[in-house]
J.: 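I have a structure I would like to understand better, so I am pasting it below and will then ask my questions one at a time.
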Number of protein chains: 2
Amino acid sequence: MRLVVARCEVLYTGRLTARLPEAVRLLMFKADGSVLVHDDAGGYRPLNWMTPPTMVEDEDGLIVVRKGAGKSEDRLEIRIAEVLSDVTHDMGESVALQKDGVERHLQEELAARPDALGAKLRLVRREWPTDIGPVDLMCRDESGDWVAVEIKRVGTIDAVEQLSRYLERIELDGCRGILAAQAIKPQARTLAESRGIDCVEIDLAVLRGQREPDLTLFSA
Amino acid sequence: MRLVVARCEVLYTGRLTARLPEAVRLLMFKADGSVLVHDDAGGYRPLNWMTPPTMVEDEDGLIVVRKGAGKSEDRLEIRIAEVLSDVTHDMGESVALQKDGVERHLQEELAARPDALGAKLRLVRREWPTDIGPVDLMCRDESGDWVAVEIKRVGTIDAVEQLSRYLERIELDGCRGILAAQAIKPQARTLAESRGIDCVEIDLAVLRGQREPDLTLFSA
DNA sequence: CGGTAGATTTCGTGA
DNA sequence: TCACGAAGTCTACCG
């Protein structure tokens, strides 16, 4: 990884046109061709960047990063006014990040314990296919009726729309829908209820039995 | 900005739990409290990060970054095994990025020339309010009929859904919809047409008159 | 390669 | 503070 701290101006042309006036920035050139221009503020997003695969030309105070070709070429032009630091580090092998708690895990837990959705449900299959995409969980309830379950980390209006599209397409009589999420937005809940879709908030820790539901609230 | 290249392990707990095994990483500490952990590959996104406001404790090979408090605390724990480099740069003032070509510009241009949408339209107002949000452009056509226009850079199924929601709510008889975008996805076009919504692809450069429509194709 | 859905999305804006 | 919509979204997955 090459790290350059320099006073520079950056021009981007591609999906849009952007100009970054001359100031001191951090330029990051990664081994895979990624180029990032960072400021000393502004959170996690670079001011400008280019994702691999790229071609980098660096000569005489002008660095040009290209991607694609012809009409759809992306181009990042870095005009260096003054270099304050320029170091390269060999960072060796990279090791993958291990995540836990994303939607797929939630789906796994709910697939194992669909009763956590509040009704006595029996899982028929995960990723039930429709012509516009898979339903996360397809179940049947006590009465044998079909229940389509959409799982999100955050339940938004979009999630309700997505589940609604599935329900329109599903060729099963009386199939109802459940939106399950760790948090459900009020307006999503309102829209869901107006469409007869049930909402269930899920606590992943409780689901896993790492922690009991807060029964003290009701035992007193 | 403080830049540290170090062999380290990173643990994140917050919205999810993540572990980054020990390897050489770039640690970036920005003046505004942002902390980013970058690898020598993997594009523009940090492996781990925390956005401001944060509190950073750094002592004896253990860096702890905190955000929020109580049950919703986010915590980033960086366990340093070996420091390869540790430098701090004063980067001075930051200057804002200037962008051009985003949706707002598209809306401005179309507001000025609604006839570019393919029918003789007259603009009634931008950001026409409904109870679920504003319609980008509200126009009337030659017959005096109402036309609601949704503008996107890329026209997706979501854009069609959004416009459909507006059309449902608009209390104007016979109001039809137009989806205008620089590019429209085939499946979005299909969904739009099945709902009687017109699709128009817009070339921003042509719209601005910087470049004429490619008439040579038809003049020969 | 295009399309869809997820993301610790982030980030801005308006109510 | 909340909620919504844009983003050069990026990224993984599936056809």
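So you know, we letter chains A, B, ... as the sequences are listed, proteins then strands, and number each from 1.
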J.: What's the CG-C1' distance between A/Asp136 and C/dA5, to the nearest Å?
T.: 10 Å

J.: Starting at the 5' end of DNA chain C, which residue's closest nucleotide do you reach first, A/Pro134 or A/Gly42?
T.: A/Pro134

J.: By nearest atom, which of the nucleotides D/dA3, C/dC11, D/dG8 is closest to the A/Trp49 side chain?
T.: D/dG8

J.: Should B/Arg189 and B/Glu201 count as an ion pair when the cut-off is N to O under 4.0 Å?
T.: yes

J.: Base, sugar-phosphate, or nothing: which does B/Gly43 touch, judged by heavy atoms less than 4.0 Å apart?
T.: sugar-phosphate

J.: Within this structure, what is the NE2-to-C1' distance between A/His105 and C/dT8, rounded to whole angstrom?
T.: 13 Å

J.: When the distance from CD of B/Glu127 to P of C/dG14 is rounded to whole Å, what number comes out?
T.: 9 Å

J.: Tell me which of B/Val154 and A/Lys185 sits closer to the 5' end of DNA chain D, going by the nucleotide each one is nearest to.
T.: A/Lys185

J.: Name the nucleic acid region contacted by B/Gly68, choosing base, sugar-phosphate or nothing; use a 4.0 angstrom heavy-atom cut-off, strictly under.
T.: nothing

J.: Looking at every strand, decide which applies to A/Leu106 at a 4.0 Å heavy-atom threshold: base, sugar-phosphate, or nothing.
T.: nothing

J.: Determine whether A/Asp74 and A/Tyr12 make a side-chain contact, defined as any pair of heavy atoms from C-beta on separated by less than 4.5 Å.
T.: yes

J.: From C-beta outward on B/Lys152, which listed nucleotide comes closest to its side chain: D/dA3, D/dA6, C/dT8?
T.: D/dA6

J.: Charged N to carboxylate O under 4.0 angstrom, B/Glu161 versus B/Arg195?
T.: yes

J.: Can you identify which nucleotide, out of C/dC11, C/dG6, D/dG5, has its nearest atom closest to the B/Gln162 side chain?
T.: D/dG5

J.: Toward the 5' end of DNA chain D, which comes first, A/Asn48 or A/Asp158, by nearest nucleotide?
T.: A/Asp158

J.: Could you tell me whether the side chains of A/Thr156 and A/Asp158 share a donor-acceptor contact shorter than 3.5 Å?
T.: no

J.: Is the phosphate of D/dC10 approached by A/Arg15 (side-chain N or O, under 4.0 Å from OP1 or OP2)?
T.: yes

J.: Given atom CZ of A/Arg104 and atom P of D/dA12, what is their separation to the nearest angstrom?
T.: 13 Å

J.: Picking from D/dA3, C/dG6, C/dT8, which would you name as closest to the side chain of A/Leu97?
T.: C/dT8

J.: Salt bridge check: are A/Arg79 and A/Glu77 linked by an N-O gap of less than 4.0 Å?
T.: yes

J.: Over how many whole Å does the gap from B/Tyr12 atom OH to C/dA7 atom P extend?
T.: 13 Å

J.: Among C/dT8, C/dG6, D/dG8, which nucleotide sits nearest the side chain of B/Leu16?
T.: C/dT8

J.: Under 4.0 Å between a side-chain N or O of A/Lys99 and OP1 or OP2 of C/dT8?
T.: yes

J.: Identify which nucleotide among C/dT4, D/dG5, C/dA7 has an atom closest to any side-chain atom of B/Gln187, counting heavy atoms from C-beta outward.
T.: C/dT4

J.: Would A/Arg126 and A/Asp136 pass as an ion pair if we require N to O under 4.0 Å?
T.: no

J.: Quantified in whole Å, what is the C1' atom distance between nucleotide D/dA6 and nucleotide D/dC10?
T.: 14 Å

J.: Indicate whether A/Tyr44 forms a stack on C/dT10; treat it as stacked only if centroid distance is below 5.5 angstrom and interplanar angle below 30 degrees.
T.: no

J.: If you assign each of B/Pro46 and A/Arg165 to its closest nucleotide in DNA chain C, which residue comes earlier from the 5' end?
T.: A/Arg165

J.: Rounding to a whole Å, what distance do you find between A/Arg189:CZ and D/dA3:C1'?
T.: 15 Å

J.: Between B/Tyr166 and D/dC4, does any side-chain N or O lie under 4.0 Å from OP1 or OP2?
T.: no

J.: May I have the distance from A/Ile151 (atom CD1) to C/dA7 (atom C1'), rounded to whole angstrom?
T.: 16 Å

J.: Which whole number of Å gives the distance between the C1' atom of C/dG6 and that of D/dA7?
T.: 15 Å

J.: Mind calculating the distance between CZ (A/Arg45) and P (C/dT8) to the nearest angstrom?
T.: 14 Å

J.: Show your working on side chain to side chain contact (heavy atoms under 4.5 Å, CB included) between B/Glu109 and B/Ile202 and close with a plain yes or no.
T.: CA-CA 10 Å; B/Glu109 297 291 336; B/Ile202 301 295; over 6 Å; no

J.: What is the nucleic acid contact for A/Glu150, judged by heavy atoms within less than 4.0 Å: base, sugar-phosphate only, or nothing?
T.: sugar-phosphate

J.: If the P atom of D/dT11 is compared with that of C/dC11, how far apart are they to the nearest Å?
T.: 15 Å

J.: Choosing from D/dC4, D/dT11, D/dA7, which nucleotide comes nearest the side chain of A/Thr51?
T.: D/dT11

